[in-house]
Amino acid sequence: MKTEAPLGLTPSQTVGPYLRLVLPWPDGPDVVPEGTPGSFVLSGRLLDGHGDPVPDGLVETWQADPAGRFNHPDDPRGAASGPASFRGYGRCPTDDDGRFWIRTLKPGPLPTPEGGQEAPHLDVSVFARGILVRMATRCYFSDEEAANRADPVLSTVEEDRRETLVATAESGGYHWDIVLQGPGETVFFDV
Amino acid sequence: MTEPAGALHARNFEATHERLDLPEYERPQGLHPPMNSPGYKSTALRSPARPLVLLPQRLTEVTGPLFGSERVTESEADLTRAGPGAEEAIGQRIIVHGRVLDSDGRPIPDTLVEVWQANAAGRYRHKVDTWPGPLDPNFTGGGRVVTDEQGWYRFTSIKPGAYPWGNHYNAWRPAHIHFSLLGRAFTQRLVTQMYFPDDPLFEYDPIYNSIPDPKVRQRLVSRFDMEHTRPDWALAFRWDIVLRGTGRTPMEEPHED
């Protein structure tokens, strides 16, 4: 082994208007298959700085399983439990009205290295023409009020902007819009 | 009401582990384009006006989907064949290959690489691409490959053409191939574009030039690779992709094969 200067990172470029040529997958929105007990649909719209729909975007989600675990070597607690069909990852192109959706299970709360606990959440990436670098945000759940109040990330966000990160429970699932700019602008993170 | 299973797990974990030890990915400063880049007009309404909030890297950020060969068929590595029975696409055949590494020099094995591009005439097979460049019935323009255990990827295609776009008067995009990489963690997710050497359109392109540092821009330019051309068949271009590392693993001797 030898030590060398780190390699130079590859910079980002926009996904452009033609991502539909390969990025949508037939099962992309299915974090779990249809009919999985406890599954629901999270849906919303991707909106630009004029409040107009973004019809050529892609929304991706990544999340823990209902036990708050990840099937990944960097989760030191080991493999996830829960249904084997749970993928953790969702991907949905937006339609002409800017709509996206995923079918998933609610993730469990997560321990933090500082000994605290994070409220159930999804990490979300947004791509579109005009977006030069992946925009990262989080989606929490409106029916987890106590957990959300104690969440170490939400508490770093200005109080009047926190609701932009919280999906609203509605019949059959949750509703959550992503606003790229302007009034009601979603909080985006430097990950 | 019963306690959610996750809370129980979290408590049990705290009881049995001193500390949750997670990797920490480097946070590049000044590497990527600014999200609002006035030269590229579509950024105007699609970039946040408020500053980004710093997100500590915890479990959700340091993990990610580990998709590999199970999502890919062998034929998806050849963009010159649109499908069974299709004729070969028209254009200059090229082999594009390289390695996916993290910035510590560690290869990223069995990771999904998705690519898409215009045809040899610079036309995309897409409803919103309506400029009068010819479509090729035998070219769809999408492909998927996975990296091998040393992080190598490779696909066959035709060299895409330059094309006009509506950003400003007489705007042309340099020839490029779009790349999407999942990496191994949410922090590593990258969508970018690969360009070809010595393109005269570089200096006019606001997307290429949105990257602040001219030396960093050049990391997106593949190099002609004579050694990997296939005689009497195809040219070759080499392009390595470097995702964020953790600074934890010393660089090992790279395998050149």
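By convention in this document, chain letters (A, B, ...) are assigned in the order of the sequence lines, proteins followed by strands, and residues within each chain are numbered from 1.
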Discussion item. Between B/R46 and A/E185, does any NZ, NE, NH1 or NH2 come within less than 4.0 Å of an OD or OE carboxylate oxygen?
Written reply: no

Discussion item. Quick check on the interface: out of B/P65, B/S42, B/G143, who has the most heavy-atom pairs with chain A under 4.5 Å?
Written reply: B/P65

Worksheet item: Is A/D30 paired with A/R103 through a side-chain N to carboxylate O contact shorter than 4.0 Å?
Response: yes

Worksheet item: How are the rings of A/Y140 and A/H121 set to each other: parallel, tilted or perpendicular (split at 30° and 60°)?
Response: tilted

Response to the item:
Counting heavy-atom pairs under 4.5 Å with chain B, the top scorer among A/L122, A/V157, A/V54, A/L46 is A/V54

Discussion item. Need one label for A/F127: side chain, backbone, both or neither, based on atoms under 4.5 Å from any heavy atom in chain B.
Written reply: side chain

Discussion item. Heavy-atom pairs under 4.5 Å with chain A: which of B/P33, B/S210, B/S37 has the most?
Written reply: B/P33

Fill in: Most contacts with chain A, counted as non-hydrogen pairs under 4.5 angstrom, among B/E76, B/R144, B/Q193, B/R189
B/R189

Discussion item. Counting heavy-atom pairs under 4.5 Å with chain B, which one of A/P17, A/G16, A/G88, A/A64 comes out on top?
Written reply: A/P17

Item to complete: Please determine if B/R106 and B/D102 form a salt bridge, counting it only when a charged side-chain N lies under 4.0 Å from a carboxylate O.
Response: yes

Item to complete: Please flag which part of A/D52 lies under 4.5 Å from any non-hydrogen atom of chain B: side chain, backbone, both or neither.
Response: neither

Discussion item. Once ring pair (Phe, Tyr, Trp, His ring centres under 6.0 Å) is applied, do any residues pair with A/Y89, and if so which ones, sequence neighbours excluded?
Written reply: A/W25, B/F67

Discussion item. Does A/E159 have more than 12 heavy atoms from other residues, nucleotides or ligands lying within 6.0 Å of its CD?
Written reply: no

Worksheet item: For B/L181, is it the side chain, the backbone, both, or neither that has a heavy atom closer than 4.5 Å to a heavy atom of chain A?
Response: neither

Worksheet item: Side chain, backbone, both or neither: which part of A/V187 has an atom under 4.5 Å from a heavy atom of chain B?
Response: side chain

Worksheet item: Which region of B/L66, side chain (C-beta onward) or backbone (N, CA, C, O), has a non-hydrogen atom less than 4.5 Å from a non-hydrogen atom of chain A, or is it both or neither?
Response: side chain

Practice prompt. Between chain A and each of B/L182, B/L220, B/D240, count heavy-atom pairs under 4.5 Å; write down the option with the most.
Written response: B/L220

Fill in: Interface moiety of B/S180 toward chain A, non-hydrogen atoms closer than 4.5 Å
side chain

Discussion item. So for B/F186, is it side chain, backbone, both, or neither that comes closer than 4.5 Å to the heavy atoms of chain A?
Written reply: both

Worksheet item: Could A/R138 and A/E118 be called an ion pair, given the rule that one side-chain N must be under 4.0 Å from one carboxylate O?
Response: yes

Worksheet item: Shortest non-hydrogen contact from A/E60 to A/L58?
Response: OE2-CD2, 3.8 Å

Discussion item. Check the orientation of B/F155 and B/F179. Use parallel for under 30°, tilted for 30 to 60°, and perpendicular for over 60°.
Written reply: tilted

Practice prompt. Side chain from CB out, backbone as N, CA, C, O: work out which of these in A/V31 comes under 4.5 Å of a heavy atom of chain B, or both, or neither.
Written response: neither

Worksheet item: Checking heavy atoms, do the side chain of B/E61, its backbone, both or neither come under 4.5 Å from chain A?
Response: both

Discussion item. For B/D213, which atoms come within 4.5 Å of any heavy atom of chain A: side chain, backbone, both, or neither?
Written reply: neither

Fill in: Partner chain A: residue of B/E26, B/R173, B/R125 with the largest heavy-atom pair count (under 4.5 Å)
B/E26

Worksheet item: Where does A/L19 contact chain B at under 4.5 Å (heavy atoms): side chain, backbone, both or neither?
Response: both

Fill in: Within-4.5 Å side-chain heavy-atom neighbours: B/L243 and B/I108
yes

Worksheet entry | N-O pairing of A/D27 and A/R87 below 4.0 Å | yes

Worksheet, complete the sentence: Honestly, the part of A/R134 sitting under 4.5 Å from a heavy atom of chain B is side chain

Item to complete: Check each atom of B/N36 against the heavy atoms of chain A and say whether the ones under 4.5 Å are side chain, backbone, both or neither.
Response: neither

Worksheet entry | Pairs of heavy atoms under 4.5 Å with chain B: top-ranked of A/L21, A/L23, A/D123 | A/D123

Worksheet item: Non-hydrogen atoms of chain A under 4.5 Å away: do they reach the side chain of B/T140, the backbone, both or neither?
Response: backbone

Fill in: Residue pair A/V32 / A/S39: nearest heavy atoms and the distance that separates them
CG2-CB, 3.7 Å

Worksheet entry | Winner by heavy-atom pair count (cut-off under 4.5 Å) against chain A, out of B/R184, B/R71, B/K127 | B/R71

Worksheet item: Relative to chain A, which segment of B/R244 carries a heavy atom at a distance below 4.5 Å: side chain, backbone, both, or neither?
Response: both

Fill in: Heavy-atom contact with chain A under 4.5 Å, split by part of B/A44
backbone

Item to complete: With a 4.5 angstrom heavy-atom cut-off, could you sort out which part of B/L31 is near chain A: side chain, backbone, both or neither?
Response: both

Worksheet item: Which answer fits B/Q117, side chain, backbone, both or neither, if we ask what part of it has an atom under 4.5 Å from a heavy atom of chain A?
Response: backbone

Item to complete: Give, as side chain, backbone, both or neither, the part of B/K41 having an atom under 4.5 angstrom from any heavy atom of chain A.
Response: neither

Worksheet item: Among A/L132, A/V126, A/T186, who wins on heavy-atom pairs under 4.5 Å with chain B?
Response: A/L132

Practice prompt. Tell me, with the steps shown, if A/Q63 and B/T60 meet side-chain hydrogen bond (donor to acceptor under 3.5 Å, both in side chains).
Written response: CA-CA 6 Å; A/Q63 63 169 98; B/T60 318; over 6 Å; no

Fill in: A/V179 versus chain B, the contacting section by heavy-atom distance below 4.5 Å
neither

Worksheet item: With the threshold set at 4.0 Å, does a side-chain nitrogen-carboxylate oxygen contact exist between B/R58 and B/E24?
Response: no

Worksheet item: Are A/K106 and A/F40 in a cation-pi contact, defined as NZ or CZ under 6.0 Å from the six-membered ring centre and within 45° of the axis?
Response: no

Practice prompt. Over 60° means perpendicular and under 30° means parallel, so classify the ring planes of A/F100 and A/W176, tilted if in between.
Written response: perpendicular

Worksheet item: Any chance the side chains of A/R20 and B/Y124 put a donor and an acceptor closer than 3.5 Å?
Response: no

